[in-house]
Amino acid sequence: MATVELRFSALPEHVRTARLVAAAVARRAGVDEAVLDEVRLAVGEACSRAVGLHQSGGLSSPVRVALIEDDKKFAIEVGDDAAVAGETGGTAVGGAADGAEDESDMGLAVISGLVDDVEVLSDDHGGLIRMTWPTAPAPLFS
Amino acid sequence: MDLSLSTRTVGDRTIVEVGGEIDVYTAPKLREQLVELVNDGSFHLVVDMEGVDFLDSTGLGVLVGGLKRVRAHEGSLRLVCNQERILKIFRITGLTKVFPIHNSVDEAVAATD
């Protein structure tokens, strides 16, 4: 299982909590201090995007954040339920969802500009953004 | 840490001093402030971001929105920022080409393009 898992109601006021927890766990996992600002920003962007998708889709389910400490890397997964809404939500949310898409695209642009290793996936629930950072310094000679 | 906002006037410029974190939760407060200033006839804004600890894309969206509003009145929106971690976000998104970014409030107030 993940080192730390977090589930929060899809409300903007909780995104800061996710940023603080992610940065704390990343620091403990050995992510370089200089990169912690990027971790904080990237996880904030991913969570803001998920909150936006849940709100525009009228979803009451929480946003999921998994912080995974591995041997030489640290990964953060932020999951939303937006794809589920797309299948069952019908056409009523179409207009609002379009607006949310625009804002979430800006967030994705920031994430891909910040994080070298980022994947936009989907799981059983919906969309999943997976971001990975190294935790050990790269060897001088390989 | 929440968002703090204060405004003052220098000549025809209105300085908006922002402190704390601008994110998805607090950005609407900054948007309200900028909208209110423009509605009240302040079209030359200087947003002082030296006290900002965190800025995300929601905050960038609000600043771009503010720029659009003042431009509709042939106004200006200048930023004051020396913090590398904040400047980086403007660079990643290409917004350094959109906003005039100054080292100090004095420099921003004196700037005329």
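The chains referred to below are lettered A, B, ... by the order of the sequence lines, with proteins before strands, and numbering in each begins at 1.
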Considering only heavy atoms, which portion of A/Glu45 lies under 4.5 Å from any heavy atom of chain B: side chain, backbone, both, or neither?
side chain
Heavy atoms of other groups near A/Asp116 CG, more than 12 under 6.0 Å
no
With a strict 4.5 Å heavy-atom criterion, list every residue of residues 87-98 of chain B that contacts chain A, or say none.
B/Lys88, B/Ile89, B/Ile92, B/Thr93, B/Leu95
Verify same cluster id: B/Leu37, B/Leu3 (apolar side-chain graph, 4.5 Å):
yes
Same apolar cluster (I L V M F W Y, side chains within < 4.5 Å links), B/Val47/B/Ile15
no
With sequence neighbours left out, write down each residue that passes salt bridge (Lys or Arg N to Asp or Glu O under 4.0 Å) with A/Asp70, or none if nothing qualifies.
A/Lys73
Would a single hydrophobic cluster contain both B/Val24 and B/Ile86, if residues Ile, Leu, Val, Met, Phe, Trp and Tyr are joined by side-chain heavy-atom contacts under 4.5 Å?
yes
Would you list the pairs meeting salt bridge (charged side-chain N to carboxylate O under 4.0 Å, His left out) in which at least one residue belongs to residues 18-35 of chain A, sequence neighbours left out?
A/Arg19-B/Glu21, A/Arg19-B/Asp23, A/Arg27-A/Glu33
Please check if A/Leu128 and A/Met131 belong to a single hydrophobic cluster, counting links between Ile, Leu, Val, Met, Phe, Trp and Tyr side chain heavy atoms closer than 4.5 Å.
no
Neighbourhood of chain A inside residues 62-84 of chain B, taking heavy atoms under 4.5 Å as contact
none
Quick check on the hydrophobic clustering: are B/Val16 and B/Phe99 connected, directly or via other members, by side-chain heavy-atom contacts under 4.5 Å?
yes
Can you see which heavy atom on B/Ser57 is nearest to which on A/Val110, and at what distance?
CB-CG2, 4.0 Å
dist B/Thr26:OG1 -> A/Glu13:CD (nearest 0.5 Å) comes out at 11.5 Å
Stepwise side chain to side chain contact (heavy atoms under 4.5 Å, CB included) test for B/Phe54 and A/Leu41:
CA-CA 8 Å; B/Phe54 181 87; A/Leu41 182 55; 3.8 Å; yes
